[in-house]
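Here is the structure we will look at.
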Amino acid sequence: MECSWKTVLLLVCASLGVQYTAIRSLRGSIAEPCGGADRCQFRRPKEYRWRPLCDGRPPSEGSFSSLSSSRKHILLFATTRSGSSFTGQLFNQHPSIFYVFEPLYHVQQVFTNSSSRLRRGLDPRALLGAYRDLLLNMYTCDLHFLENYIRPEPQDHLTGSFFRRASSSALCSPPVCLENGGAPGEPDEAWCPRRCRTLNLTLASQACLARGHVAIKTVRIPEVQDLRTLSEDPRLHLRIVHLVRDPRGILASRMGAFADQFRAWKIWNATGRQPRYVDLAQITRTCQDLADSAQTGLRQPPWLRGKYLLVRYEDLALHPEEKAEEIYRFVGLEMDEKVRAWILQNTKRSASPTEGNYKYSTTRDSRATAESWRLRLAYDIVGVVQTLCNRTLSLLGYKPVHSLADLRNLSYSLVEPRSFLPLL
Ligand SMILES: *[C@@H]1O[C@H](CO)[C@@H](O)[C@H](O)[C@H]1NC(C)=O
Ligand SMILES: *[C@@H]1O[C@H](CO)[C@@H](O)[C@H](O)[C@H]1NC(C)=O
Ligand SMILES: *[C@@H]1O[C@H](CO)[C@@H](O)[C@H](O)[C@H]1NC(C)=O
Ligand SMILES: *[C@@H]1O[C@H](CO)[C@@H](O)[C@H](O)[C@H]1NC(C)=O
Ligand SMILES: *[C@@H]1O[C@H](CO)[C@@H](O)[C@H](O)[C@H]1NC(C)=O
């Protein structure tokens, strides 16, 4: 293919190429001896042969239907700094769920690293085809598919560069990691990167199959409409948990987490004067995507009916156990005791002496975290975001404030009580 003369074309070609191989492998699977079984439908795109898990497995009539009806494929669909690490833990703590924290990171890395022009001007929508292929392969536990994107390239299916491995409990426990964990209550992030050896992706794929259900968190898909092909895929039992948060809180949190990128905003926040070069486009885009997705999801089009649940982070922070039960009812699984225990441990300020040692976003008073933006954001900024995100606030039930006193008065709730549960 002659597509190297322009970077944009290169990108399109690469993305089409990935989609093409995926389509080929899907077509091929129908005729192959082990096609039909949910777990071994996909060929590895680089080497045209069936992956080992498939070998010697006789096709069985019943396996497709039974597997596809019992295995859940959960997507935690979120945006950066919307409380998704916290929410992801509700899945990560479940012993039958294989949870992965943002595998799409690797796709984006490969494309954004390949040229500085792309790095500056990359539209996330250009990568959607590759994103969807990766999700499909992750849901069927083919983690080898990731090897196309991990850098440096894995050797013998071994990698030390799996993004946020420690956020996945399955990848920090036997048989994937032979260590038995840290001190009681110590989060995986604190010990797993040091003590677990290089990740063996074959073992990881097997652990995925053994866990029964797969949950993936992503913050890189712009709109729920972009998930339509996955949602309609008959091999998946997709359940989309759309996590939303007050955009004023998202912005404050991004300012704290990405200080470089938000330097102008921080100057504005500190001085009360809006620099001319403040980038209003990002938060505007975030708000549009939030509103467009929520509108689509709540309208319940046929391709999404029963597969979409809108969850406000603020509700989860205020009533974690109740909301977690609601989420588990929606995905069709029992909430495990381990999940309940994790919630109890992590949503209240505890007197545990170890807690102060770990500064992870999930081990804090969830309610205080969700609302802390009200004390950290200049009133001016709040006003501008309220104007930019006017439709989003009203659709999701977040009240605008009209005075500094109301903004800082935490007894005055900005979250309107709402139920987003579909009327069945
Ligand atoms: C990005 O490129 C640099 C050098 O061009 C390389 O050292 C680095 O490993 C690359 N990173 C990824 C994730 O591809
Ligand atoms: C990775 O795990 C698989 C499955 O247990 C094993 O067969 C393989 O030898 C391991 N790879 C390496 C390089 O240790
Ligand atoms: C905004 O400025 C105030 C002090 O004026 C500071 O306390 C707060 O942390 C700043 N917020 C952010 C998000 O940087
Ligand atoms: C958006 O702002 C306008 C005024 O600027 C207001 O009249 C309108 O009610 C707002 N729309 C929504 C959906 O809140
Ligand atoms: C804070 O809000 C509460 C509830 O709306 C209200 O009763 C109270 O008077 C407010 N306090 C101040 C200082 O404005």
Q. What do you reckon, C177 and C192 SGs under 2.5 Å?
A. no

Taking atom types as modelled, is there a side-chain donor on Q109 or R151 under 3.5 Å from an acceptor on the other? no

Whether F77 and H242 hold their rings parallel, tilted or perpendicular, with breakpoints at 30° and 60°
tilted

- Query: Do L135 and L104 have side-chain heavy atoms sitting under 4.5 Å apart?
  - Reply: yes

Closest heavy-atom pair, A204 versus L171, reported as atoms and distance to 0.1 Å, is CB-CD2, 3.7 Å

request  = Please tell me if the side chains of L238 and D233 come closer than 4.5 Å, counting only heavy atoms from C-beta onward.
outcome  = no

Practice problem: Would you indicate whether the side-chain heavy atoms of L251 and Q282 approach each other to under 4.5 Å? | Solution: no

Self-check item: Whether over 12 other heavy atoms sit under 6.0 Å from R197 CZ
Solution: no

On a heavy-atom basis, the closest approach of W373 and A252 is CB-CB, 3.5 Å

Give the ring-plane orientation class for F86 versus Y313, where under 30° counts as parallel, over 60° as perpendicular and anything between as tilted.
-> perpendicular

Taken to the nearest 0.5 Å, the spacing of L309 CG from I74 CD1 works out to 11.5 Å

message = I want to check something: taking the side chain as every heavy atom from C-beta on, are Y131 and D226 in contact at a cut-off of under 4.5 Å?
response = no

| request: Could you check if a side-chain atom of I221 sits within less than 4.5 angstrom of a side-chain atom of L128, using non-hydrogen atoms only? | output: yes

Partner of R248 under side chain to side chain contact (heavy atoms under 4.5 Å, CB included), picked from I381, I283, V382, is V382

- Message: State whether cysteine residues C208 and C141 meet the disulfide criterion of an SG-SG distance below 2.5 Å.
- Response: yes

When rounded to the nearest 0.5 Å, the distance separating CZ of F145 from NE2 of H106 is 13.5 Å

Any donor-acceptor N/O pair, N137 side chain to D142 backbone, under 3.5 Å:
no

Start with the C-alpha distance between T79 and R254, add both sets of side-chain angles, then the distance that settles side-chain hydrogen bond (donor to acceptor under 3.5 Å, both in side chains), and finish with yes or no. CA-CA 11 Å; T79 185; R254 287 181 182 172; 2.9 Å; yes

| query | With a 4.0 Å cut-off, would you call K338 and D336 a salt bridge? | reply | no

Next item on the list: For the residue pair M138 and T218, establish whether any side-chain heavy-atom pair is separated by less than 4.5 Å.
Entry: no

Note: R418-E416 ion pair, threshold 4.0 Å (strictly below): yes

### Message
Under 4.0 Å between a side-chain nitrogen and a carboxylate oxygen: does that hold for R228 and E223?
### Response
no

State, with a plain yes or no, whether a side-chain heavy atom of V244 is found less than 4.5 Å away from one of Y398. yes

Worksheet item: Just by distance, do the side chain of H94 and the backbone of E334 share a donor-acceptor pair under 3.5 Å?
Response: yes

Heavy-atom closest pair (H73 atom, R235 atom, distance to 0.1 Å) is CE1-O, 3.9 Å

**Prompt:** Angle class for the Y99/F101 ring planes (parallel below 30°, perpendicular above 60°, tilted otherwise)?
**Reply:** perpendicular

Rounded to the nearest 0.5 angstrom, the CD-OG distance for Q225 and S231 is 11.5 Å

- Check whether any side-chain heavy atom of L280 lies under 4.5 Å from a side-chain heavy atom of Q274, and answer yes or no. yes

